[in-house]
Amino acid sequence: MVDTLSDRATQSRHPAPGALLELLKPITWFAPMWAFMCGVVSSGVPILEAWPMLVLGALLAGPLVCGTSQAVNDWFDRHVDAINEPNRPIPSGRVPGRWGLYVGIVWSAVSLAVATLLGVWVVAAVCVGLVLAWLYSAPPIRLKGNGWFGCLAVGLCYEGLPWFTGTAAMIGGLPETPVLLMAGLYSLGAFGIMTLNDFKAVEGDQALGVRSLPVQLGVKPAAWLACVVMAVPQVAVSALLFSWGAALAGSMVAALLAVQVVLMVRVLENPRAYAAWYNATGTTLYVLGMLASAVALRGL
């Protein structure tokens, strides 16, 4: 297997055009960039007054930190991808040699450099995000090998940290408690979303010794856990918004959750068949609730 990878890598000394961009997986940037924008909105700072921070922060949340995590993940998964997804940039040889590792290292450094332009709290958040990105994929810790730790790390990096970063970048300091609560609750809910992603590879995870939650708990129990963990934080968000006097936003989050619960019923009937469908439908409602919550915080 290693020889095959080496043979492919020697076909070219430099990445093929577009291969590096594919390695950074732009499609994955949406979630952290959306959470970052929620943080920006919830800060209450007029966007036009701080647009450089907005641009730099969006670049940081998506192409840089999230891109780093994708490059690091592909590098440490290169031998598995050589079997399961041989057309990926690294096993195919389009990103040859150690280029994948170098991209992860350089992109980490660039992320930290950009973070220094946005303040000490942004630097702290980016440091946490980068550490989790490497620990998620790199041995010996390799958080992705256990669904409890892996899903929690990804949920935090995709939702909580970018939201925190968006607010901290705009206000130039530590966000207040309501923002921290929203970021934390939506991170916890994202744990459930990440769990649903693992239903597509149960047999492969079992064969490779990856302890995803569907493998550890079984498909049905893991589906129930995912749905409960997605729903409970949104109930808490809605309750908090009502307690803060943001009844309209609280009602919107509750209504969006009610529709999600209807969709969850179908997922629970056949988790493996409908998990991806839910991620295209229910998750959209989830992130709309994030935006409604951010707008309410702005009013506060």
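Note that this is a predicted model, so its numbers are computed, not measured. Computed over heavy atoms, backbone and side chain alike; hydrogens, waters and symmetry mates excluded.
Screening residues 245-284 for ring pair (Phe, Tyr, Trp, His ring centres under 6.0 Å) gives Tyr274-Trp277 as the qualifying pairs, with residues at least two apart or on separate chains. Pairs of residues two or more places apart, or lying in two chains, never qualify as ring pair (Phe, Tyr, Trp, His ring centres under 6.0 Å) while including a residue from residues 120-146.
Residues passing the side chain to side chain donor-acceptor pair (under 3.5 Å) test with Arg98, sequence neighbours excluded: none. Partners of Tyr102 under the ring pair (Phe, Tyr, Trp, His ring centres under 6.0 Å) rule, at least two apart in sequence or in another chain, do not exist in this structure. Annotation: side-chain contact (heavy atoms from CB on, under 4.5 Å) contacts of Pro175 (sequence neighbours excluded): Phe164, Thr167, Ala168, Val179, Leu180. Residues passing the ring pair (Phe, Tyr, Trp, His ring centres under 6.0 Å) test with Trp34 are Phe30, sequence neighbours excluded. With sequence neighbours excluded, the residues satisfying salt bridge (Lys or Arg N to Asp or Glu O under 4.0 Å) with Lys25 are Asp74. The side chain to side chain donor-acceptor pair (under 3.5 Å) search around Asn270 returns none, not counting sequence neighbours. Shown here are the side chain to side chain donor-acceptor pair (under 3.5 Å) partners of Tyr186, two or more places apart in sequence or in another chain: Ser293.
Under a 4.5 Å side-chain heavy-atom cut-off, the cluster of Ile, Leu, Val, Met, Phe, Trp and Tyr residues that includes Val229 is completed by Trp148, Leu152, Leu188, Phe191, Leu213, Leu217, Leu225. In the hydrophobic clustering (ILVMFWY side chains linked at under 4.5 Å, chained through shared members), Trp224 is joined by Leu268. Cluster partners of Phe242: none. The rule joins Ile, Leu, Val, Met, Phe, Trp and Tyr whenever side-chain heavy atoms lie under 4.5 Å apart, and it links nothing here.
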